[in-house]
**Student:** 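Before we start, here is the structure in question, set down as structure tokens.
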Amino acid sequence: QPQLVESGGGLVQAGGSLRLSCATSRLPFSYYYMGWFRQAPGKEREFVAAIRWSGVPTYYVDSVKGRFTISRDNAKNSVVLQMNSLKPEDTAVYYCAAVREANGRDYSRAGVYDYWGQGTQVTVSS
């Protein structure tokens, strides 16, 4: 069974930065779309960003465009979410997810993804 493990969460002041990493194992990483989602208390899981196996294209939810950057290192089987200019509304548990690329998929939908990490907490104080 593939394994995804997130790291890098924590507490940061508004305007600060965090770098989330997702290490994968037992996954043919190079053929998989990777996504980041987040879930705040009392809210549904929300799409944040996704990246194709080749590194392009990338997709972002409007609320993080210009502040967050998703990237991947296929040699290290990992994906990174660099988060800058953080806001209190970014506070959530952040999850890494993986799905094998296929035509016609909407990679912003959580239901598309087959594998998930356990999540890492990001808290942004005002």
**Student:** Between Ser21 and Ser7, is there a donor-acceptor pair closer than 3.5 Å when you use the side chain of the first and the backbone of the second?
**Tutor:**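 The answer is no, because no donor-acceptor pair under 3.5 Å joins these two groups.
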
**Student:** Any idea which heavy atoms bring Ser126 and Pro88 closest together, and the distance?
**Tutor:**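 Looking at all heavy atoms of both residues, the closest pair is CB-CG, 3.8 Å.
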
**Student:** Nearest heavy-atom pair of Ser17 and Asn84: which atoms, and what distance?
**Tutor:** OG-OD1, 2.9 Å

**Student:** Taking it one step at a time, do Cys96 and Trp36 satisfy side-chain contact (heavy atoms from CB on, under 4.5 Å)?
**Tutor:** CA-CA 5 Å; Cys96 171; Trp36 285 97; 4.0 Å; yes

**Student:** Checking Arg26 side chain against Gln1 main chain: does a donor-acceptor pair fall under 3.5 Å?
**Tutor:**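 Yes.
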
**Student:** Transitively linked via ILVMFWY side-chain contacts under 4.5 Å: Ile70 with Tyr33?
**Tutor:**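 Same cluster.
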
**Student:** Can you measure from CD (Gln82) to CG (Leu18) and round to the nearest 0.5 angstrom?
**Tutor:** 8.5 Å

**Student:** For Lys43 versus Gln39, what's the shortest heavy-atom pair and its separation?
**Tutor:** O-NE2, 3.1 Å

**Student:** Side chain of Thr91, backbone of Val124: donor and acceptor closer than 3.5 Å?
**Tutor:** yes

**Student:** Enter the distance from Tyr115:OH to Thr24:OG1 here, rounded to the nearest 0.5 Å.
**Tutor:** 11.5 Å

**Student:** Working to the nearest 0.5 Å, report the span between OG of Ser71 and CE of Met34.
**Tutor:**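 If we round to the nearest 0.5 Å, Ser71:OG and Met34:CE are 11.5 Å apart.
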
**Student:** Any link between Trp116 and Val80 through a network of hydrophobic side chains (Ile, Leu, Val, Met, Phe, Trp, Tyr) touching at under 4.5 Å?
**Tutor:**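 Trp116 and Val80: separate clusters.
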
**Student:** Is the NZ or CZ atom of Arg72 both under 6.0 Å from the centre of the six-membered ring of Phe29 and within 45° of that ring's axis?
**Tutor:** yes

**Student:** Would a distance-only check, ignoring hydrogens and angles, find a side-chain to backbone donor-acceptor pair under 3.5 Å from Glu6 to Gly119?
**Tutor:**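 Indeed, once roles are kept as given, a pair shorter than 3.5 Å links the two residues.
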
**Student:** Is there a donor-acceptor contact under 3.5 Å from the side chain of Gln118 to the main chain of Val5?
**Tutor:** no

**Student:** Should Tyr107 and Ile51 be regarded as members of a common hydrophobic cluster, given that ILVMFWY residues are connected when their side-chain heavy atoms come within less than 4.5 Å of each other, either directly or indirectly?
**Tutor:** yes

**Student:** Can you list every ring-ring contact (aromatic ring centres under 6.0 Å, His included) pair that touches residues 48-100, not counting sequence neighbours?
**Tutor:** none

**Student:** Got a second to check how far Arg38's CZ is from Leu20's CG, nearest 0.5 Å?
**Tutor:**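 Arg38 CZ to Leu20 CG: 11.0 Å, rounded to 0.5 Å.
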
**Student:** So does Asp90 pair up with Lys87, basic N to acidic O under 4.0 Å?
**Tutor:** no

**Student:** To the nearest 0.5 Å, what is the distance between OG on Ser63 and CZ on Phe47?
**Tutor:**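 Between atom OG of Ser63 and atom CZ of Phe47 there are 10.0 Å.
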
**Student:** Using only atom types and a distance under 3.5 Å, with no angle test, would you say the side chain of Arg105 pairs donor to acceptor with the backbone of Arg100?
**Tutor:** yes

**Student:** CG/Leu11 to OG1/Thr123 distance, rounded to the nearest 0.5 angstrom?
**Tutor:**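 Going from CG on Leu11 over to OG1 on Thr123, the span is 6.0 Å.
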
